Protein chains: 2
Amino acid sequence: MTGNSRFAVSVHILAYLAYRQGAAVPSAEIAASVDTNPVVIRRLLSGLVKAGLVHTQKGASGGFSLAAPLDQITLRDIYRAAEPAPTHGMAHFAPNTKCPVGAKIEAILHTAFVKAQAGMEAELALVTLASIHEQLRPVCPGSKKP
Amino acid sequence: MTGNSRFAVSVHILAYLAYRQGAAVPSAEIAASVDTNPVVIRRLLSGLVKAGLVHTQKGASGGFSLAAPLDQITLRDIYRAAEPAPTHGMAHFAPNTKCPVGAKIEAILHTAFVKAQAGMEAELALVTLASIHEQLRPVCPGSKKP
DNA sequence: CCAACCGTAACACCGTTAGTTACATTAAGC
DNA sequence: GCTTAATGTAACTAACGGTGTTACGGTTGG
């Protein structure tokens with residue numbers, strides 16, 4: 001695949017936790033909703049826990065639950081927790097610095113990328129988990145397992 | 001690598017063509033500036049030509065040159081010509097549609113991605129090739145090969 | 001004619017991601 | 001305490017995309 005689905009799956013995970021309304025949800029249950037392996041879910045949750053978005057409880061009858069109110073978690077928070085630092089392909093972009101263009105293009109591109117990234121994250125910041133939960137609401141009367 | 005460098009290299013290519021001021025530039029010369037293989041350059045240029053940003057001339061003493069004024073080419077144009085349609089990881093994201101969350105999350109995510117993409121492209125649209133050429137200007141008095 | 005150049009196919013290599021198995025650790029409930 | 005259910009993480013495989021490279025046919029100026 002061209003990109004990774006880390007962000008998309010992470011949003012799904014948090015939406016699912018919102019749907020389950022604070023219960024301690026095991027990774028296997030989330031995995032069933034995403035249709036993947038529980039380890040994949042736990043790997044992503046590891047980052048979400050480190051970012052303070054999710055609370056974790058070990059042991060029997062343990063699981064994951066949201067660590068903040070729905071309206072205080074935005075897609076930007078999730079994006080930053082899920083994705084590694086964006087390189088925009090600059091990682092392996094090493095132009096010939098003996099050429100006048102190659103010597104300066106990198107800094108110019110970096111500036112443009114930072115602005116583009118900011119523009120994207122500004123849009124993501126407008127969407128809260130609460131609004132996503134609201135969109136899901138007509139379909140989830142109670143809090144049932146899949 | 002986390003991402004691809006198609007966009008970064010494409011901008012470099014167009015900046016180089018601007019630097020060479022309308023001359024027919026062979027792919028090997030551009031490749032020397034980017035420090036890569038000429039075929040890689042020609043592959044990317046293929047897309048730029050199709051997008052109408054670059055003019056190509058086959059045969060001896062042929063090469064590539066800009067097909068539009070510097071102030072009418074923005075980073076967004078280059079981005080769209082260089083990158084394939086953005087999937088945002090949705091390509092391999094196929095949640096369990098039997099789960100209420102899995103069934104609706106895809107549409108919600110797609111909407112958010114479209115907005116995020118638009119926010120990013122709006123920033124890219126503000127940067128023209130003319131402004132990049134201007135930033136390169138102090139360093140390129142004439143039009144010399146590297 | 002020939003030398004230079006484009007266009008593209010074919011291929012190998014490498015890094016990333018997803019998926020999977022395995023196992024140590026932790027904690028609730030009896 | 002023992003059992004059971006769960007997290008956390010390492011290790012491995014398979015698949016995929018991107019880059020770099022060689023090769024070669026087509027085109028054109030001199």
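Chain A is the first sequence line, chain B the second, and so forth, proteins listed ahead of strands; every chain is numbered from 1. Remember, it's a predicted structure, so these values are computed and weren't measured experimentally.
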- [ ] Indicate if B:V40 and B:L45 have the same hydrophobic cluster label, given that clusters are the connected sets of ILVMFWY residues with side-chain heavy-atom separations under 4.5 angstrom.
- [x] no

Open item on the list: Walk me through whether B:I132 and A:I105 qualify under side-chain contact (heavy atoms from CB on, under 4.5 Å).
Closed with: CA-CA 8 Å; B:I132 291 180; A:I105 193 71; 4.3 Å; yes

Open item on the list: Protein within reach of the bases, or only the backbone? For nucleotides 22-30 of chain D, mark each nucleotide 5' to 3' as B, S or -, using heavy atoms under 4.0 Å.
Closed with: BB---BBB-

TODO: Answer with base, sugar-phosphate or nothing: what part of the nucleic acid does B:R6 contact at a heavy-atom distance below 4.0 Å?
DONE: sugar-phosphate

Open item on the list: Starting the side chain at C-beta, find the nucleotide from D:dT21, C:dA18, C:dC6 nearest to B:P26.
Closed with: C:dC6

Open item on the list: Between C1' on D:dG20 and CG on B:D35, what's the gap in Å once rounded to a whole number?
Closed with: 12 Å

- [ ] Answer yes when B:R76 and B:E123 have at least one side-chain N-carboxylate O distance shorter than 4.0 Å, and no when they do not.
- [x] no

TODO: Could you state the atom-to-atom distance from CD1 of B:I41 to P of D:dT21 in whole Å?
DONE: 12 Å

Open item on the list: Using every non-hydrogen atom in the two residues, find where A:A18 and A:H133 come nearest and quote the distance to one decimal.
Closed with: O-NE2, 3.6 Å

Task: Separation of C:dA18 P from A:F7 CZ (nearest whole Å) - done: 14 Å

Open item on the list: At less than 3.5 Å, do the side-chain atoms of B:R43 and the base atoms of D:dG20 form a donor-acceptor pair?
Closed with: yes

Open item on the list: Does C:dC6 have its OP1 or OP2 closer than 4.0 Å to a side-chain nitrogen or oxygen of B:S46?
Closed with: no

Quick one: side chains of residues 58-73 of chain A, donor-acceptor pairs under 3.5 Å with protein atoms, not counting sequence neighbours, listed by atom name and distance.
none

Open item on the list: Output the rounded distance in Å from CG (B:L45) to C1' (C:dG7).
Closed with: 11 Å

- [ ] For the residue pair B:F7 and A:F113, categorise the inter-ring angle as parallel (less than 30°), tilted (30 to 60°) or perpendicular (more than 60°).
- [x] tilted

Open item on the list: I want to check one thing: is the phosphate of C:dT17, taken as OP1 and OP2, less than 4.0 Å away from some side-chain N or O of A:S5?
Closed with: no

TODO: Enumerate, in order of first residue number, the stems that involve DNA chain C, defined as 3 or more consecutive Watson-Crick or G-U wobble pairs with both distances under 3.5 Å.
DONE: C:1-30 with D:1-30

TODO: For A:T128 and A:S131, indicate whether the former's side chain and the latter's backbone hold a donor-acceptor pair under 3.5 Å.
DONE: yes

Task: Minimal non-hydrogen separation, B:G102 against B:P95, with atom names - done: O-CG, 3.4 Å

Task: B:L44 vs B:S10 side-chain heavy atoms within contact, under 4.5 Å - done: yes

Task: Side-chain N,O (A:S27) to OP1/OP2 (D:dA6) below 4.0 Å - done: no

Task: Nearest-Å distance for atom pair CZ/P, residues B:F93 and C:dG19 - done: 11 Å

